[in-house]
Novice: 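This is the structure I want to talk about, given as C-alpha cells.
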Amino acid sequence: MSRAYSTVDPYEDDFHVDDELVFPGADDPRTRIMPVGNDEPGAAEVEILPPPSQLQPSAGALQIAAPVSSSHGGHAFNPVGDMQAGAESALGQVNVPRIGIHIFAERSDTFESAQRAAGDRRLSRASTTVRMGGLQTALTAYSHEATPSLIIVESMTSAAQMIAELDELAEQCDAGTKVVVIGAANDIALYRELIRRGVSEYLVAPVQPMQLISAIGSLYNDPAAPFVGRTIAFVGARGGVGASTVAHNTAYAISERLSAQTVIVDFDLPFGTAGLDFNQDPVQGVADALNEPERLDPVLLDRMMVRCTDRLSLFAAPASLDSDWDVSPEAIEEVATRIRGTAPFVVLDLPHQWNAWMRRMMITADEVVVVATPDLASLRNAKNMIDLARAARPNDAPPRLVLNQVGVPGRPEIPIKEFGNALGLPPCLVMPFDAKLFGQAANNGQMILEIGSKSKPAEGFAHLAQVVSKREILALPAPTKAAAKPSVLSKIFKR
C-alpha cells in the first residue's frame with residue numbers, strides 16, 4: 001500500500017497532534033528517516049541534517065554545543081580496527097571477570113585508547129592499570145613485582161627483537177598469565193610465531209578502545225556459557241512522564257514486529273505497573289529472585305516469569321508495600337546478569353529514584369532510553385542523566401531521548417527545538433498526547449499495537465523498537481485479534 005509523508009523538521013517548534021511522528025535516525029543524530037511512498041516494507045529515505053548547534057533556534061533558546069569526538073584521535077587511520085570497533089560498539093556484549101590488567105603503551109594514541117578502555121563499563125569489574133613505556137618497561141616492572149592475570153604490551157621494534165624480549169618476559173610471568181601484544185607489523189608469519197610461543201592475541205597499531213575491550217573479552221568468554229542478551233534500560237526524567245508505558249510498548253513491539261524473544265523486568269518493586277499493563281497477576285517475580293539470587297538457574301527463572309505472548313515474558317514487580325525493599329546492589333546486578341541469558345532482548349523498566357544500584361543499572365545497560373515530557377523539570381533531570389551517561393559511557397552511543405505526551409491541550413510546553421538544543425541531543429521519537437488511546441490500553445491491560453495497530457503511537461513504538469534493537473523490520477505481520485481477558489480492575493479488587 002502506497003503512502004505519502006510530508007517533510008517534518010525534527011526540531012519543529014509548533015507541534016500538533018495531527019502531525020506525523022518525528023523519527024530522527026538511529027545512529028546519527030543529524031539524520032531523519034521518513035517512509036517513502038512505495039510497496040516495499042521498511043523502505044525509507046534518509047536525509048542528513050545539520051548538527052543541532054547549527055540550527056537556528058528561536059529567540060531566548062537554550063543552547064549547549066554538542067560534543068564533537070574523533071574516532072581516530074588525529075592519528076593514523078586503521079580501517080579494519082574501525083570496523084571491528086564499530087561492530088563491538090553495536091553489540092556491547094563483552095563480559096570481563098574480576099581480573100587484574102596491566103597495559104604498557106609505547107605510543108601516545110595507544111595510551112589514550114587504553115585509558116578510555118579502562119574506564120569503559122565492560123571493564124568495570126576488572127582492575128586496570130595503564131602505563132607509558134612498552135615492553136621494556138614491563139620487563140623492568142616485573143623483575144620486582146608479581147604479574148597480573150593479563151598483560152598487554154606494545155612494541156614498535158623489529159620482529160626479532162620483539163620475540164627476544166617476549167621470551168624474557170615469559171620467564172618472569174606467573175602461571176596462568178595471558179599476554180596480548182600490540183605491534184606495528186601486519187605480518188601473518190609474525191602472528192603465527194607469537195601464537196606458537198604462547199601469546200594470546202596480536203593487535204596491529206593504531207588500536208581503538210573497543211578493539212582492546214573486544215580482545216580482552218574474547219580471552220575470557222566461555223564458549224559453553226549461554227549467550228548474553230541485549231539490555232535496554234528505560235528511565236523517566238521525572239515521575240509521571242510515561243517511561244513504563246514506553247518501555248512496555250517498545251518491548252511488545254520488539255517481540256511482535258521483530259519476532260524476537262523479549263523479557264521485561266520491572267524493577268519498581270513497590271509501584272511497578274508491568275503486571276497491570278499486560279493484565280497479568282503473577283505469583284512470583286523480581287522480588288523472589290532478589291531474595292535468593294544465588295539459587296537462580298534457567299529452570300527457576302522460567303518458573304518466575306509469566307509468559308504474556310509466545311515471544312514476550314514478564315518479570316513483574318510485587319507492587320506491594322509490605323516490605324521496605326532495601327535490596328543490595330550486588331543482588332540487583334546478579335539477578336540482571338542471570339536474566340540476560342534468558343532472551344536476546346531484556347527491557348529494564350527502571351523506577352524514578354536514585355541510589356547505587358539504579359546508577360549501576362543505567363550505566364551498564366547496552367542501550368539507555370530517557371523518557372521526558374516538554375517541561376522544565378524534565379529538561380533539568382534529563383540533562384543530568386544524559387551528562388552522567390556520556391561521562392560514564394565514553395565508548396557508547398549517547399542515550400536515546402523520547403519526548404512523550406507532547407501536545408497536551410492548554411499546557412505550556414518547551415518547544416522541541418529548544419529542548420533538543422539544551423541537551424545537545426535531538427529526540428529519537430516525539431510521541432503525541434492521545435488520552436483516549438492510551439487510557440483505553442491501560443484500562444484494558446493491552447498494548448497500543450493491540451488496540452490501535454495503525455495509529456501514530458503504534459508506528460512510533462515500532463520505530464523505537466527498531467532503533468534500540470538495531471534490527472530491521474523486514475515485514476509487518478497482520479495484527480492478531482487479542483482474546484478477551486478478565487478486567488484489570490477485577491484483579492485488583494480480587495486481591
Side-chain angles (χ1 to χ4, degrees), residues 1-8 10 12 14-24 26 32-37 39 41-44 234 241-259 262 264 273-274 276-279 308-309 311-312 347 369 371-374 400 402-409 411 413 416 427-469 473-485 488:
M1 181 178 65
S2 177
R3 293 185 299 177
Y5 285 76
S6 60
T7 303
V8 179
E12 182 65 46
D14 298 325
F15 182 87
H16 303 286
V17 177
D18 294 333
D19 289 344
E20 296 297 340
L21 289 175
V22 179
F23 296 156
R32 67 165 175 246
I33 303 177
M34 299 301 298
V36 297
D39 296 327
F234 286 79
V241 299
S244 294
T245 299
V246 174
H248 304 161
N249 279 276
T250 303
Y252 185 82
I254 292 175
S255 65
E256 293 298 315
R257 292 293 177 90
L258 302 177
S259 299
T262 309
I264 299 175
T273 59
L276 291 177
D277 286 351
F278 287 94
N279 200 6
C308 301
T309 68
R311 290 181 291 269
L312 180 64
V347 172
V369 180
V371 182
T373 51
R400 310 290 181 181
V402 173
L403 271 181
N404 194 29
Q405 302 174 13
V406 176
V408 176
R411 182 182 70 178
E413 297 181 347
I416 300 171
C428 70
L429 176 65
V430 175
M431 184 65 68
F433 176 74
D434 192 335
K436 181 178 179 181
L437 180 63
F438 282 88
Q440 181 183 355
N443 288 339
N444 293 346
Q446 293 179 294
M447 296 292 102
I448 298 298
L449 283 169
E450 291 182 280
I451 66 172
S453 59
K454 296 183 180 180
S455 64
K456 287 183 287 185
E459 186 179 353
F461 288 128
H463 167 78
L464 185 58
Q466 182 177 346
V467 170
V468 298
S469 66
I473 299 179
L474 300 179
L476 299 181
T480 57
K481 189 174 182 180
K485 300 178 182 179
V488 178

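As a basis for the values below, the full set of heavy atoms in this structure was taken, side chains included, without hydrogen atoms, waters or symmetry mates. Numbering starts at 1 and runs along the sequence shown.
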Novice: Are Tyr252 and Arg257 close enough that some pair of their side-chain heavy atoms sits under 4.5 Å apart?
Specialist: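 No; the side chains remain at least 4.5 Å from each other.
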Novice: Compare every heavy atom of Leu464 with every heavy atom of Cys428, then report the nearest pair and how far apart it is.
Specialist: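 Closest heavy-atom pair between Cys428 and Leu464: SG-CD1, 3.7 Å.
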Novice: Compare every heavy atom of Glu256 with every heavy atom of Arg311, then report the nearest pair and how far apart it is.
Specialist: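 Nearest heavy atoms, Arg311 then Glu256: NH2-OE1, 3.7 Å.
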Novice: Considering all heavy atoms of both residues, which atom of Phe461 and which atom of Ala253 are nearest to each other, and what is their separation?
Specialist: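 Nearest heavy atoms, Phe461 then Ala253: O-CB, 3.7 Å.
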Novice: Minimum heavy-atom separation for Leu437 to Pro457, with atom names?
Specialist: CD2-CG, 3.9 Å
Novice: List in chain and number order the residues that pass side chain to side chain donor-acceptor pair (under 3.5 Å) with Asn404, two or more places apart in sequence or in another chain; answer none if no residue qualifies.
Specialist: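 Asn404: no side chain to side chain donor-acceptor pair (under 3.5 Å) contacts found.
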Novice: Please find the pair of heavy atoms, one from Gly460 and one from Leu429, that lie closest to each other, and give the distance.
Specialist: O-CD2, 3.7 Å
Novice: Answer yes or no: is there a donor N or O on one side and an acceptor on the other, between the side chain of Glu413 and the main chain of Val406, under 3.5 Å?
Specialist: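 The answer is no, because no donor-acceptor pair under 3.5 Å joins these two groups.
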Novice: Nearest 0.5 angstrom please: Asn279 CG to Asn443 CG, how far?
Specialist: 11.0 Å
Novice: Where is the tightest heavy-atom contact between Ala458 and Ile448, given as atom of each residue plus distance?
Specialist: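 That closest heavy-atom pairing would be N-CG2, 3.7 Å.
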Novice: To the nearest 0.5 angstrom, please state how far the OG atom of Ser255 sits from the CG atom of Leu449.
Specialist: 8.5 Å
Novice: Thr373: what forms a side chain to side chain donor-acceptor pair (under 3.5 Å) with it, not counting sequence neighbours?
Specialist: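 For Thr373 the side chain to side chain donor-acceptor pair (under 3.5 Å) partners, ignoring immediate neighbours, are Arg238, Asp375, Ser378.
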Novice: Do the side chain of Thr309 and the main chain of Leu312 share a donor and acceptor less than 3.5 angstrom apart?
Specialist: yes
Novice: Supply the atom-to-atom distance Ile254 CD1 to Gln466 CD, rounded to the nearest 0.5 angstrom.
Specialist: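 That separation rounds to 11.0 Å.
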Novice: Would you compute the distance between atom CD of Glu459 and atom CE of Met431 and round it to the nearest 0.5 angstrom?
Specialist: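 It is 10.0 Å, given to the nearest 0.5 Å.
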